[in-house]
Participant: 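I'd like to ask some things about the structure below.
Just so it is clear, the values below take in all heavy atoms, side chains as well, and ignore hydrogens, waters and symmetry mates. Residue numbers begin at 1 in each chain, while the letters A, B, ... track the order of the sequences.
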Amino acid sequence: MSYFRNIKDAVVTIADGMAVTFSHLVRKPTTIEYPDRLPDGIRVQDTLPFRYRGILEVDLEICTACLACERACPIDCIVIDAQKDKAAGGLVMTRFDIDMAKCMYCGLCSEPCPTGAIHHTPEFEGADYSLESLIRHYVKAPTVAYKPKKSGEDDPAIKPILDRGLRYVAEFAVSGAGDDSPAE
Amino acid sequence: MQELVDGLMASGALPASVPAWAHYLAAMLVFGGVVVFGFVLPIAGITTWVERRVMGRMQSRIGPNRVGPAGFLQWLADGLKNLLKEDIVPRASDAGLFKLAPYVVIMGFVATFAVLPFSGDLIIADMNVGILYVTSVTALVVVGILMAGWASNNKWSLLGGIRSAAQIVSYEIPAGLSIFPIVALTGTLSMQGLIAAQGPHPWQWFIFDNPFTLLAFLVFFVSALAEGNRTPFDLPEAESELVAGFATEYSGMRNLLFFMAEWGNLYVIGAIVTTLFLGGWQIPWALDGQPVLRNALQFGVFFAKSYFFVFLAIWLRWTLPRVRVDQMMTMCWKYLVPIALVNLLGTATWILVFPDGVPLVRWVLAGLAAIGLVAFFWRVRYHVRQAGYGRAQLSFNPLATTRVRW
């Protein structure tokens, strides 16, 4: 009798399975269409969390030229050249290059950064026509490295950048931090 | 067709100096070309778009929606892309057979359109062996697939080809045996004859003629799916096991020809099922004075019925997993073949006992089918509720896209 039970099982289970798929057919699709079907003025990037690991960005104003990121990078896509220059008053950076073609978005460089100068952005549209143009040169002209002040930063031009960087670093240890806040 | 050419020759529209057979040949080529390029290729292409949209919605996605309105021109873009691809023939392959195989496959599929009725008057050739011709000419597909599998000189291709041969040869038997009851009821093999013996209303269709024809319909549909290499019987392709089966080494246009045959075959399956079991192009009105309107309506009815089965095959594909080879064989030889034989004997007995049919049985079967359909949609409603979905999360617009609010 298992013969007829097999037939019955086949028919009933297939019919029920088809009912399940049909019930999906009448559901609204959940896809968010990238990039042009969002409401006006909103980019997908704006909807991503603060800590989203997109393309790397360096805030040279608060970079201390400590080379921690260069050492942390597992694939050596960061190259920094810095020399001591008494006249200029500290380290002078002549080169800060990140090869985004090599970068694997692991986030290990932004973790040891003392000021949060190197950090990921929610930007992810990095397509380009040549490999060379994927290398980002952050130092345009020799720049004096930032020196943290014991009393805290008081320069109004640098303060918001530093606050943002420190918040970025501080949130490393907190699980779930920054999930809901929009990118700045 | 022949009458049309004869009439044109008699009226002097065609030069009489050319022999009549040349006119017939030219007319056949022209009409065949119109059907192939005007109907067969678009229907195969559009089915790919329909499949991808339906698949998308069944997986809570949207599907292709960029090329043309709602992505409708995606099939043209895909075809154009494949035409422009490099034509690669592997060095170790049997080049002659390798190049020939896609044409054999597509020929076996396109040739069926010669006898498929589009409406009461629109048919290329109403052969007196119509349905027999269809079953025999589709057997050409297995030759092409086996040819492709062998000529590719690749283990995946060969496995796919051998699986296909085993599968199609096996499932031809239940499919053929399920055609016999209908042929026995009508006493004709002609496609138009089969349709003429049915009526426009569901209870006049052969599917509800007696319980055995209802079973024959199910057996035939399952066997036709297996012959068309459709999921759950897509073992010859089996993407997750055999790369792409017999089509592994094919690229560009040759690969496209295989897939065109597969998708076009869905429509052929639907058309044959409609012809045999679902009353074909029959409409309730005679419309003797308006041949254009009549044929348009008949075409619409036939197309809608056939295309429902295309949808059904797509729907099944995204419901069922692929069966194993032994399960496929078990299903054919232990279940479908015996059931088909019982159907044949049962229908023969039915014809002997009730030569004029039993209207009550037709009504009861049609009613049971309607009840089954209602029960099915009740079950769909149950599953929607089970998922905790209300009216706000549902959309009955087949082309719906998502609007996100932040």
Participant: Kindly indicate whether the side chain of B/Val384, heavy atoms from C-beta on, has any atom under 4.5 Å from the side chain of A/Val26.
Facilitator: yes
Participant: Using a 6.0 Å cut-off, check whether atom CZ of B/Phe311 has over 12 heavy atoms from anything other than its own residue.
Facilitator: yes
Participant: Heavy-atom pairs under 4.5 Å with chain A: which of B/Phe377, B/Tyr382, B/Tyr335 has the most?
Facilitator: B/Tyr335
Participant: Going from OG on A/Ser23 to CD on B/Gln386, what distance comes out if it is rounded to the nearest 0.5 angstrom?
Facilitator: 10.0 Å
Participant: What do you reckon, is OH of A/Tyr3 surrounded by more than 12 foreign heavy atoms closer than 6.0 Å?
Facilitator: yes
Participant: CZ of A/Phe22 to CZ of B/Arg381: how many Å apart, nearest 0.5 Å?
Facilitator: 14.5 Å
Participant: What heavy-atom pair brings B/Arg57 and A/Leu25 nearest, and what distance separates the two atoms?
Facilitator: NH2-O, 3.1 Å
Participant: Heavy-atom pairs under 4.5 Å with chain B are the metric here; pick the option from A/Ile14, A/Ile7, A/Asn6, A/Thr21 that has the most.
Facilitator: A/Thr21
Participant: Rounded at 0.5 Å granularity, tell me how far CE in A/Met18 sits from CZ in B/Phe376.
Facilitator: 5.5 Å
Participant: Any idea which of A/Val20, A/Thr13, A/Asp16 has the most non-hydrogen atom pairs under 4.5 angstrom with chain B?
Facilitator: A/Asp16
Participant: Roughly how far apart are B/Gln59 CD and A/His24 NE2, rounded to 0.5 Å?
Facilitator: 10.0 Å
Participant: Can you give me the closest heavy-atom contact between B/His383 and A/Arg27, atom names plus distance?
Facilitator: O-NH2, 4.3 Å
Participant: Side chains of A/Val11 and B/Leu218: closer than 4.5 Å at any heavy-atom pair?
Facilitator: no
Participant: Indicate yes or no for a side-chain donor-acceptor contact from B/Arg379 to the backbone of A/Ala19 under 3.5 Å, with no hydrogens or angles considered.
Facilitator: no
